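Here's the structure, in structure tokens; my notes come after.
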Amino acid sequence: MTSKTFFAAAALGLSFVFTAPAPMAEAETLRVMRGAPSTALNVPISRSVVVESDVPFAELSIADPNIADISTLSDRTIYVLGKAPGRTSLTLLGADGRLITNVEVRVAPDISEFKERLRQILPNEQIEVRTANDGIVLSGAVSSIARMDRALDLAQRYAPERVSNLMVVGGSHQVMLKVRFAEMSRSVSKSLDGGLIAQDGNNSILAGGSGTVQPDFAAAAGASDFGQLTGVFSQAANAAGSSVFGFDIDSVRVDILLEALETKGFVRTLAEPNLTALSGQEAKFLAGGEYPVPVAAGDGATAIEYRPFGIELNFTPRVVDGDTINIQMLAAVSAIDTTNGITSNSISIDAFSRRETATTVEMRDGESFAIAGLLQDDFSDLNSQVPWLGDIPVLGSLFRSTSYNRDQSELVIIVTPHLVTPVKGDVLALPTDRVKIPSERELFLFGKVTGDTPTTGAAGEVAQQDFSGSYGYVLD
């Protein structure tokens, strides 16, 4: 044989070696022996396991055929098929009627495919998967709630409504919500009222007024001389923005009162609460008070309920994935409104003006969002006059009342979440830590209302800060 023929034959032989089909994996089996304790047989649902006996059996039975089904392949081999989750017993008897063995059969969901899919979807998560009765138990640690939800959703595909969650979420799951409430209110009110009274020597009276300026006819009729006519408007003349002047025309005394008033108001309301809550737990904040409201009780009695008012904040944070935070928030600003109250059974009950917003947002640690546009703009004007007299040019303004009112307010809310962890107590300092009760010597001899401030520790650092200007207490 030539060398060329030899190498060709060798190559052909290698090709047969490498192209030969691989042997199939051996089926899962359980071997039992007479007189030896048998281990439990775990059978996945809709899958089979082979049981082999070292001695021939003559009779076999399954305690609950609804859980597992059996069939014989030979006098030594049994085919067990899982049908429903649960536990049952397989009994083997010999030809002499003696017991060969009892095998405990455990049928559970097939989690091999679920484990494979779980490793593909969440490769870096340490999740342990077990079966319990007819369900799946998930345990271990995951890095975020979002990944926990993904694992639970996948488990529901394999065991609907039969998934037990024993997983824990690692990382920081305490959220501090920094909220700033800012409300600006402005009001403008203008009014113009006038009145006129004239009297001749025969005590003939001509009088009129508008708005709050109304003459006292009894006082005018009882005036003994012209100089007392000014007292007819004396009550209105003492009001802010009013003026009285008069003059004589022959034997006629004329008094005129003008009341012009402009009112401006400006209010700034601000609150900056910092609330910390565990992921998934609710936190509440109220800066205001509670107003007693009578309500009907049984047997005609009256009970008292307290309704909160002021600045309210309720929020529920959820750490979704890493530093992503889902926030469900309700914010409200309310105040007592005496103008819209009611009276019931001789009890006056005030109303409430309230503005609130409820939202769900998602953001990262340190990011902010603003809730604005909570505007309120009330405008009203009123023009009332004495018929015909108010239409007289120039002089008719004395018989005309004009008022103008406008109220504007805007509420802005800025929210910033932070992931936080606790610190040691000696690291924190309160504003009161820099205040010390003075001794009698410091109080009576030197007139100090506070003692010497500490110079060490966190309280000393607070004491060295400059509090001469506008300040508050901010803890980051």
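Remember, predicted model here, so these are calculated numbers, not experimental data.
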Exam field: side chain [X] to backbone [Y], donor-acceptor pair closer than 3.5 Å:
X      : Y      : value
Gln174 : Ser279 : no
Lys264 : Ser187 : no
Glu367 : Arg364 : yes
Tyr291 : Ala351 : no
Glu442 : Ser439 : yes
Thr343 : Ser348 : no

Check [X] against [Y] and note the closest heavy-atom contact, atom names and distance.
X      : Y      : answer
Val107 : Ala68  : CG2-CB, 4.2 Å
Val163 : Ala159 : CG2-O, 3.3 Å
Leu138 : Ala155 : CD1-CB, 4.0 Å
Thr88  : Ala63  : OG1-CB, 3.2 Å
Lys83  : Ile45  : O-CG2, 3.9 Å
Ile304 : Pro292 : CG2-CB, 3.8 Å

Non-hydrogen side-chain atoms of [X] and [Y] separated by less than 4.5 Å:
X      : Y      : value
Leu90  : Ile70  : yes
Val105 : Ile67  : no
Ile111 : Tyr158 : no
Val80  : Val50  : no
Leu166 : Val137 : yes
Arg117 : Leu154 : yes
Phe181 : Pro273 : yes
Leu275 : Val179 : no

Using 0.5 Å steps for rounding, measure from the [atom1] atom of [X] to the [atom2] atom of [Y].
X      : Y      : atom1 : atom2 : answer
Asn42  : Arg47  : CG    : CZ    : 12.0 Å
Ser48  : Tyr79  : OG    : OH    : 3.0 Å
Asp69  : Asp64  : CG    : CG    : 11.0 Å
Met176 : His418 : CE    : NE2   : 5.0 Å
Gln408 : Phe379 : CD    : CZ    : 11.0 Å
Leu118 : Ile136 : CG    : CD1   : 10.0 Å

Going through the distances and angles, do Asp350 and Asp337 end up as a side-chain contact (heavy atoms from CB on, under 4.5 Å)?
CA-CA 6 Å; Asp350 295 327; Asp337 185 4; over 6 Å; no
Presence of salt bridge, [Y] and [X], under 4.0 angstrom:
X      : Y      : answer
Glu272 : Arg180 : no
Glu128 : Arg130 : yes
Arg87  : Glu104 : yes

Walk me through whether Ile371 and Thr359 qualify under side-chain contact (heavy atoms from CB on, under 4.5 Å).
CA-CA 9 Å; Ile371 301 175; Thr359 183; 4.1 Å; yes
In sequence, state the C-alpha distance, the side-chain angles, and the governing distance for Ile325 and Ile327, and then conclude on side-chain contact (heavy atoms from CB on, under 4.5 Å).
CA-CA 6 Å; Ile325 306 170; Ile327 300 176; 3.8 Å; yes
Please check if the number of heavy atoms outside [X] that lie under 6.0 Å from its [atom1] is greater than 12.
X      : atom1 : answer
Glu116 : CD    : yes
Arg354 : CZ    : yes
Gln126 : CD    : no

Arg150/Glu125 under side-chain contact (heavy atoms from CB on, under 4.5 Å): CA gap, chis, key distance, verdict
CA-CA 11 Å; Arg150 293 174 193 171; Glu125 302 297 333; over 6 Å; no
Run the numbers on Ser185 and Ser409 for side chain to side chain donor-acceptor pair (under 3.5 Å), then give the verdict.
CA-CA 4 Å; Ser185 300; Ser409 63; 4.6 Å; no
Which of parallel (below 30°), tilted (30 to 60°) and perpendicular (above 60°) describes Phe309 and Phe352?
tilted
Worked verdict on Asn102 versus Ser89 for side chain to side chain donor-acceptor pair (under 3.5 Å):
CA-CA 7 Å; Asn102 269 330; Ser89 297; 6.0 Å; no
